[in-house]
Asker: 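Below is one structure. I have some questions about it.
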Amino acid sequence: MIGIFDSGSGGLTVLREVREQMPSADILYFGDIKNAPYGSKSTAELGMLTASAIRLLQARGATSIVSACNSVSASLAVSLFDALSLTPDSLIEMVGPTVSSFKESPARLLLAATPATIGSEIYQNAFRMIGKEVGTLAIPDLASAIEFGSSEEEIERIIRDAFVGVRVGDFDVIVLACTHYPLVARLFERVLGPVPLYDPARAVGERVKRHLWPREVADGMIRFIVSKDSQYFRDRVTTLLPEGGYSFEVLD
Ligand code: DGL
């Protein structure tokens with residue numbers, strides 16, 4: 001069973017791609033809504049939350065883990081592999097697949113992400129390894145506004161304020177390096193006009209298939225666990241899986 005986790009709804013964008021690539025995999029999704037947003041937390045806090053999310057998924061039978069949260073990427077250190085009995089091919093995260101997608105590309109990239117992701121410099125360093133300098137833009141409050149159902153006007157205002165002083169024309173692609181952001185791609189477009197947005201979820205889904213097929217082929221069952229109930233989260237799940245057929249559990 002593949003365990004996927006995020007602070008809340010963002011990882012559903014990754015779940016959608018994993019389903020697309022491996023419909024027969026059993027998936028256990030953990031949304032840590034009680035501790036959302038992750039993107040404003042310290043590295044120490046994120047380390048603890050990452051370890052407990054992975055432990056929870058493993059305790060409920062996950063044999064592979066997908067971190068559908070960019071903000072915790074810096075916490076996925078090699079030491080975690082030993083501590084949680086993970087092997088490199090049983091943990092898939094966001095940074096590697098995203099950076100690999102631009103290996104051959106001359107595109108000038110602007111990375112839009114949470115303060116935790118930008119502050120960790122994990123993407124900047126990974127892109128440097130393939131000889132690329134990228135622009136960065138931390139957007140405080142955006143993931144939280146999306147998670148907790150702010151109005152479209154409020155979300156547009158947050159995006160607009162964040163881009164003040166950014167010359168969008170200096171970039172060919174804006175990488176949405178927070179899994180919550182593709183949920184409001186439409187609003188990015190409304191504020192910024194027709195600039196190509198890149199959603200890493202597809203590359204992560206492909207990586208999942210490459211590493212976990214056929215090992216994780218099963219019955220296509222989906223189970224959601226959240227650390228706090230949220231109608232916004234439930235609504236997004238219904239939109240994603242209108243045919244139903246999944247189970248839902250709220251931890252107390
Ligand atoms: N969706 C997560 C990410 O990709 C976390 C966002 C948040 O909770 O701040 O960074």
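All values below were derived from every heavy atom in this structure, side-chain atoms included, with hydrogens, water molecules and symmetry-related copies excluded. All ligand and atom numbering here is 1-based and tracks the order in the structure.
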Asker: Can you confirm whether the side chains of Ser73 and Tyr123 place a donor and an acceptor under 3.5 Å from each other?
Answerer: no

Asker: Just jot down the ligand 1 atoms closer than 4.0 angstrom to any heavy atom of Ala143, in number order.
Answerer: 6 (C), 7 (C), 9 (O)

Asker: When you measure from the centre of the six-membered ring of Tyr29, is the NZ or CZ of Arg223 under 6.0 Å away and within 45° of the axis?
Answerer: no

Asker: Under 4.0 Å from a heavy atom of Ser7: which atoms of ligand 1 are those, numbered in the order shown and with their elements?
Answerer: 5 (C), 6 (C), 7 (C), 8 (O)

Asker: How about Lys132: does its NZ atom have over 12 heavy atoms from other parts shown lying under 6.0 Å from it?
Answerer: yes

Asker: Check the side chains of Thr63 and Glu216 for a donor-acceptor pair under 3.5 angstrom, ignoring hydrogens and angles.
Answerer: yes

Asker: Can you tell me which portion of Asp6 lies within the under-4.0 Å heavy-atom range of ligand 1? Options are side chain, backbone, both, or neither.
Answerer: side chain

Asker: Just let me know how Pro37 lines up against ligand 1, side chain, backbone, both or neither, with a heavy-atom cut-off below 4.0 Å.
Answerer: both

Asker: Ser40 to ligand 1: N or O pair under 3.5 Å?
Answerer: no

Asker: Could you check whether atom CD of Glu104 has more than 12 heavy atoms from other residues, nucleotides or ligands sitting under 6.0 Å from it?
Answerer: no

Asker: By number and element, which atoms of ligand 1 are closer than 4.0 Å to a non-hydrogen atom of Ser71?
Answerer: 3 (C), 5 (C), 10 (O)

Asker: Check whether any N or O atom of Gly39, backbone or side chain, sits under 3.5 Å from an N or O atom of ligand 1, and answer yes or no.
Answerer: yes

Asker: For ligand 1, which is the ligand I care about here, please tell me if Thr117 has any N or O atom under 3.5 Å from one of the ligand's N or O atoms.
Answerer: no

Asker: Specify side chain, backbone, both or neither for Thr114, according to which of its non-hydrogen atoms lie closer than 4.0 Å to ligand 1.
Answerer: side chain

Asker: Give the contacting part of Cys178 toward ligand 1: side chain, backbone, both or neither, where contact means a heavy-atom distance below 4.0 Å.
Answerer: both

Asker: So which heavy atom in the protein is nearest atom 3 (C) of ligand 1, and how far is it from that ligand atom?
Answerer: Asn70 N, 3.3 Å

Asker: Do Asp32 and Lys228 meet the salt-bridge criterion of a basic N to acidic O distance under 4.0 Å?
Answerer: no

Asker: Taking OH in Tyr232 as the centre, count heavy atoms belonging to other residues, nucleotides or ligands within less than 6.0 Å. Is the count above 12?
Answerer: no

Asker: Can you establish whether the number of heavy atoms outside Met221 located under 6.0 Å from its atom CE is more than 12?
Answerer: yes

